[in-house]
Protein chains: 2
Amino acid sequence: MKKSSKDSVVTAAILLFNSKGYSGTSIRDIADAAKVNTATIAYYFGNKEGLLEYCFTYFFEQYINKMEASFATIEKGAAICLKRVVADLLHYQWENIQLASFVYREMSIDSQMVREIMATYSLKEKYYLQKIFERGFEWNEFRPHSIPYLIIQLKGLLMMPFMNTHYMREVLYVFPNEKFFEQKYLKDLYQWIDKTLCSDIQIKKEAIIK
Amino acid sequence: MKKSSKDSVVTAAILLFNSKGYSGTSIRDIADAAKVNTATIAYYFGNKEGLLEYCFTYFFEQYINKMEASFATIEKGAAICLKRVVADLLHYQWENIQLASFVYREMSIDSQMVREIMATYSLKEKYYLQKIFERGFEWNEFRPHSIPYLIIQLKGLLMMPFMNTHYMREVLYVFPNEKFFEQKYLKDLYQWIDKTLCSDIQIKKEAIIK
């Protein structure tokens, strides 16, 4: 019973933080939506900031676990590994669309908590991506390029649909919560890897064969 | 004197909305930062929502004007035109980094105002991008692909650095306010156009020549 009231607080918080924004949501709103009293929220999370920190940690712990698991395939090749990472992260965001959406939005505001989350999780993510790109250059799979600029592009492509869900629905009529979207967009991400990272290398190989 | 107090309110609002978020900023905070009294803000903008609407309109009016001006080069070819659009929009965001950053963040929250802004400006932007892609397919410059999915990728690449300025600085050590960033990142955006949109077409042309 206790566990389920904690879960319902988290579910309500994600829903409200996503639709009204973190600052635009009060503990009272969350308590009402979760059908608990505010003391229950205080008991589990302290205050609203504690609840936000719980959401951040909950999201990024799993995110980094996915990243680590996909990274384990690096010996199969950098392109194969990167495709695995991209597929797993896209699927994870797709499964947690409301959480991803509000977490990414709140990460754009500068605060002590955001800086701590970045110092822990974003640096780990960067470490793995960097390793994959370095291996790709070393094994002549990827065309040499600035790693931070590759991360900007990859993260931009990965986060865009989940940072702009209303735009996707209202303007483009694309529904990022649908399975069809995940499947179709994954092909586009693979294409970015094939065309932007791998393309000239293949041409060189063909030239050698000739 | 009146004009300058209006301007200083807008400047202070952009700064605070960006650093603390729209909901996390009060009219009192803005009045203090702009060194005006709250009645001055009420006189020019009504309330905080009016100030937000002013910022949205101010940002997107100029954004769409840039888009329209760049679109005028369409007769030179779809790839040339798209590169022009991308260069002008990147430069516009770069020039208005704080405004772009908070406008994009607030656009991710569903509200009546956001829906109106999308129905006006985002649909216009989509119209121009759609025209460019259609011409590109028609003139055999671009490989055929779903237009909404191309817009997702292009907008993702274009907005990422400005939606995540702290991440860029703290994690990647890339400073999106520097001229160097704009120049370097523009090359990456051109590359996306060349590799993702145009690449297979060129191979076909080469095959025809052979």
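Order of the sequence lines sets the chain letters (A, B, ...), proteins ahead of strands, with each chain counted from 1.
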task = Taking all heavy atoms of A:Tyr167 and all of B:Lys155, pick out the closest pair and write down the distance.
result = OH-CE, 3.5 Å
query = How far does OG of B:Ser146 sit from NZ of A:Lys187, to the nearest 0.5 angstrom?
reply = 11.5 Å
ask   = Does the side chain of A:Met160 reach to within under 4.5 Å of the side chain of B:Met160, using non-hydrogen atoms?
value = no
Segment of A:Met159 engaging chain B (4.5 angstrom heavy-atom cut-off) = side chain
inquiry  = Students often mix this up, so state it plainly: with edges at 30° and 60°, are the rings of B:Tyr149 and A:Phe180 parallel, tilted or perpendicular?
reply    = perpendicular
request  = Verify, without hydrogens or angle tests, whether A:Lys126 (side chain) and B:Leu172 (backbone) share a donor-acceptor contact under 3.5 angstrom.
outcome  = no
task = Would you mind telling me which of A:Leu154, A:Ile147, A:Asp110 has the largest number of heavy-atom pairs within less than 4.5 Å of chain B?
result = A:Asp110
task = Answer yes or no: are there more than 12 heavy-atom neighbours, outside B:Lys131 itself, under 6.0 Å from its atom NZ?
result = no
ask   = In this structure, are over 12 heavy atoms from other groups packed under 6.0 Å from B:Lys66 atom NZ?
value = no
inquiry  = With a sphere of 6.0 Å drawn around NZ of A:Lys179, does it hold more than 12 non-hydrogen atoms of other residues, nucleotides or ligands?
reply    = yes
query = Based on non-hydrogen pairs under 4.5 Å, which of B:Asn164, B:Thr196, B:Asp188 is most in contact with chain A?
reply = B:Asp188
query = Closest heavy-atom contact between A:Ser23 and B:Gly24?
reply = CB-N, 3.7 Å
query = Who wins among B:Lys184, B:Gln191, B:Gln130 for the most heavy-atom pairs under 4.5 Å with chain A?
reply = B:Lys184
key: Which portion of B:Tyr173 sits near chain A, non-hydrogen atoms under 4.5 angstrom   = side chain
task = Could you check if a side-chain atom of B:Gln153 sits within less than 4.5 angstrom of a side-chain atom of A:Tyr185, using non-hydrogen atoms only?
result = yes
ask   = Which residue out of B:Arg115, B:Met118, B:Lys20, B:Met168 racks up the most heavy-atom pairs below 4.5 Å with chain A?
value = B:Met118
key: Closest heavy-atom pair and its distance - A:Pro148, B:Val174   = CB-CG2, 3.7 Å
request  = For atom OH of A:Tyr127, decide whether the heavy atoms of other residues, nucleotides or ligands shown that lie under 6.0 angstrom number more than 12.
outcome  = no
query = So which part of B:Ser122 gets closer than 4.5 Å to some heavy atom of chain A, the side chain, the backbone, both or neither?
reply = both
remark   = Nearest heavy-atom approach of A:Arg105 to B:Ser108 is NE-OG, 2.7 Å
request  = For atom CD of A:Glu95, decide whether the heavy atoms of other residues, nucleotides or ligands shown that lie under 6.0 angstrom number more than 12.
outcome  = yes
ask   = Distance from A:Asp194 atom CG to B:Lys195 atom NZ, nearest 0.5 Å?
value = 12.5 Å
key: Which atom of B:Pro161 lies closest to which atom of A:Ile152, heavy atoms considered   = CG-CG2, 4.2 Å
query = Taking atom OH of B:Tyr58 as the centre, does the number of heavy atoms from other residues, nucleotides or ligands within less than 6.0 Å exceed 12?
reply = no
key: Region of A:Glu125 in contact with chain B, defined by heavy-atom distances below 4.5 Å   = side chain
